[in-house]
Amino acid sequence: MSRSTTSGPSQRMLRVGEQVRHALSETLQRGEIIDPVIENSVVSVSEVRMSPDLKIATAFVSPLGAGDDNAVVEALNKHAKFIRGRVSGALRQMKYMPEFRFRLDTSFDNFAKINELLKSPEVARDLGDGKNNDKDED
């Protein structure tokens, strides 16, 4: 029986990703990275996606209080090897320490767009029509 490669991440990938997210968040909170771009902002790690072999960790971050979000992500990627070394103590149980890649988390922007669409008059009208049609069928 073969496994489907199109399915989502395995339980192991999810569990390790969450452990890496916690370790990464703690490291960023301690302020050990000496970079003015990172020091002047609070970085929230919303998700870490692990590769199937657990050797690459893609961290989705949301810089708060930074003027340029992309500059913060670039600075994190520049210091990825240093961060990897600082996180290694919290992830001793892993056979290989993952390589870190940082990406800007745009999911909150997507949620805001969806929320605006749901509040639009066109959608409200359509939802209102759907309720009236349901009452007619009773």
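Everything numeric in this text was worked out from a predicted model, so none of it was measured. Numbers for residues simply follow the sequence, beginning at 1.
The local environment of CZ in R92 is sparse, with at most 12 non-hydrogen atoms from other residues, nucleotides or ligands closer than 6.0 Å. Residue-environment remark: CD1 (I34) stays at or below the threshold of 12 foreign heavy atoms within 6.0 Å. For CZ of R21, the number of neighbouring non-hydrogen atoms (other residues, nucleotides, ligands) closer than 6.0 Å is greater than 12.
Listed for the S46 side chain is a donor-acceptor partner under 3.5 Å among the backbone atoms of F60. The main-chain N or O of P98 is found under 3.5 Å from a side-chain atom of R84 such that the two form a donor-acceptor pair.
Annotation: the span from L28 atom CG to H79 atom NE2 amounts to 11.5 Å, rounded to 0.5 Å. The OG atom of S44 sits 8.0 Å away from the CG atom of D105 when rounded to the nearest 0.5 Å. Here the CZ atom belonging to R15 is positioned 8.5 Å from the OG atom belonging to S10, to the nearest 0.5 angstrom.
The shortest non-hydrogen separation linking P63 to V61 is CD-O, 3.8 Å. Of all the heavy atoms in L91 and M97, the pair that sits closest is O-CE, 3.6 Å.
A salt bridge does not link E116 to K119: none of the charged nitrogens lies less than 4.0 Å from a carboxylate oxygen.
Sorted by first and then second residue, the pairs that involve residues 34-45 and meet salt bridge (charged side-chain N to carboxylate O under 4.0 Å, His left out), not counting sequence neighbours, are D35-K78. For residues 43-58, the salt bridge (charged side-chain N to carboxylate O under 4.0 Å, His left out) pairs, not counting sequence neighbours, are E47-R49.
Looking at R103 and V73, their side chains never come closer than 4.5 Å, going by heavy atoms from C-beta outward. Using a 4.5 Å heavy-atom threshold, the side chains of P9 and M50 count as separate. Using a 4.5 Å cut-off on side-chain heavy atoms (C-beta onward), L54 and Y96 make no contact. Between V43 and L64 the shortest side-chain heavy-atom distance does not fall below 4.5 Å. At a threshold of 4.5 Å between non-hydrogen side-chain atoms, the residues E18 and V48 do not count as touching. Between F100 and L76, the closest side-chain pair of non-hydrogen atoms is not below 4.5 Å.
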For a side chain to side chain contact (heavy atoms under 4.5 Å, CB included) check, start with the C-alpha distance between V87 and L24, then their side-chain angles and the critical distance, and finish with the verdict. CA-CA 6 Å; V87 170; L24 192 56; 4.1 Å; yes
Show your reasoning for whether side chain to side chain contact (heavy atoms under 4.5 Å, CB included) applies to I83 and I33. CA-CA 8 Å; I83 294 169; I33 304 166; 3.5 Å; yes
